[in-house]
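Every chain is numbered from 1, with letters handed out A, B, ... down the list of sequences.
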Number of protein chains: 2
Amino acid sequence: MSVTGDATERLMRIGEVARAAGVSVRAVRYYEQQGLLTAERSPSGQRLYRPDAIAMVRFFQQMFAAGLTSRRITELLPCWDSGHTDAGQRAMLRVERERLQARIDDLEAARDRLDQVIAITDTHP
Amino acid sequence: MSVTGDATERLMRIGEVARAAGVSVRAVRYYEQQGLLTAERSPSGQRLYRPDAIAMVRFFQQMFAAGLTSRRITELLPCWDSGHTDAGQRAMLRVERERLQARIDDLEAARDRLDQVIAITDTHP
DNA sequence: CTTGCCTCTGACGCCGACGTCAGGTTTTAG
DNA sequence: CTAAAACCTGACGTCGGCGTCAGAGGCAAG
């Protein structure tokens, strides 16, 4: 524990990050390839991640589940990891939020439709 | 209008179905290829659809939006267009309903996450 | 008859988030 | 020291719902 804030001991390799976040190693490499996640490198070339990488990966998963592409996520990342955002970025955030809400509405409509079918099949056995 | 229920005049060709349902002609052909939709054929080989085909296509779109594959939809179709369903089919319906609900929950979580980011970026301009 | 739109059957292309295999280096456990 | 496990860089494969192009018929109007 150095006073300089050197946190070398806390760096993780890719496997640990992947396991902790519940994704494959391949997925983590893919995120880096898409510019979502950066890692330091050990002298031998292995990726070294700081602890917050796990939260990042989970965040990516959540956004993927929301239907965002990695490209779109890279555009929104400045809103996430920096304090200052411009009006355009905030607008994009809201656009995505609306898109997401629309998808939720669609899914709920589909669910209700399924419920109708279920109700019919249950009353007509 | 014959008493025999002959509704030949009401048959539509593929373009009309596609336009009415808001999808492409290609999509309607694809549904047939996947076993989702059947059509009669004119002597020259053109597809002829009955009016309810439009509702079917809309239903497919809704299920696609819900994340179901065409394969899965074909398995569930007997629940839809026939009166009698077996226990297995009703179980599948419920499985899909639960899957769908889970996806909705995921999306709502993602939306809330986005809202957090939006709140942060709005208070840190 | 011809013009112009509609339809037909293949069959290849696309996108996005990885899976997977190949062939090689590095780290770790015993 | 050695063997297993983990890591590396390409690069090709996958899946699903179509888009799109090619080449060939069909159908009502003027």
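- Atom CZ of Arg71(A) is separated from atom P of dC15(C) by 12 Å (rounded to the nearest Å).
- As rounded to whole Å, 7 Å separates atom C1' of dC8(C) from atom CZ of Arg47(B).
- Residue contacts for Gln61(B): at a heavy-atom cut-off of 4.0 Å it reaches the sugar-phosphate backbone alone, with no base atom in range.
- If you find the closest nucleotide of DNA chain D to Glu16(A) and to Arg26(A), the one lying nearer the 5' end belongs to Glu16(A).
- Counting to the nearest Å, the P atom of dA11(C) and the OH atom of Tyr30(B) are 17 Å from each other.
- Taking the six-membered ring for Trp and thresholds of 30 and 60 degrees, Tyr31(B) and Phe64(B) have ring planes inclined between 30 and 60 degrees apart.
- Side-chain contact, Arg113(A) with Gln116(A): a donor N or O sits under 3.5 Å from an acceptor N or O.
- Base contact: Arg29(B) has a heavy atom under 4.0 Å from a base atom.
- At a threshold of 4.5 Å between non-hydrogen side-chain atoms, the residues Tyr49(A) and Val57(A) do not count as touching.
- Between Ser70(A) and dG16(C) there is no side-chain N or O to OP1 or OP2 distance below 4.0 Å.
- Using a 4.0 Å heavy-atom cutoff across all strands shown, Leu68(A) reaches sugar-phosphate atoms only and no base atom.
- Checking Gln46(A) against Gln34(A), the closest nucleotide of DNA chain C that is more toward the 5' end is the one next to Gln34(A).
- Counting any heavy atom pair closer than 4.0 Å across all strands shown, Ser42(B) reaches no nucleic acid atom.
- For the pair Phe64(A) CZ and dA17(C) P, the interatomic distance rounds to 5 Å; values are reported in whole Å.
- As judged by a 4.0 angstrom heavy-atom cut-off over every strand, Phe60(B) is placed among residues making no nucleic acid contact.
- For the residue pair Arg111(B) and Gln101(A), a side-chain donor N or O sits within less than 3.5 Å of a side-chain acceptor on the partner.
- Atom CG of Leu36(B) is separated from atom C1' of dG17(D) by 11 Å (rounded to the nearest Å).
- Distance Ile14(B) CD1 to dC18(D) C1': 13 Å, rounded to the nearest Å.
- Contact annotation for Ile73(A): no contact, since no heavy-atom pair falls under 4.0 Å across all strands.
- Between Glu75(A) and Arg72(A), at least one side-chain N (NZ, or NE/NH1/NH2) sits under 4.0 Å from a carboxylate O, which counts as a salt bridge.
- Remark: P of dC8(D) and CZ of Arg41(A) are 6 Å apart, rounded to the nearest angstrom.
- Taking atom CZ of Arg19(A) as the reference point, atom C1' of dA5(D) lies 11 Å away to the nearest angstrom.
- For the pair Ser24(B) and Ser44(B), nearest-nucleotide mapping onto DNA chain D gives the more 5' position to Ser24(B).
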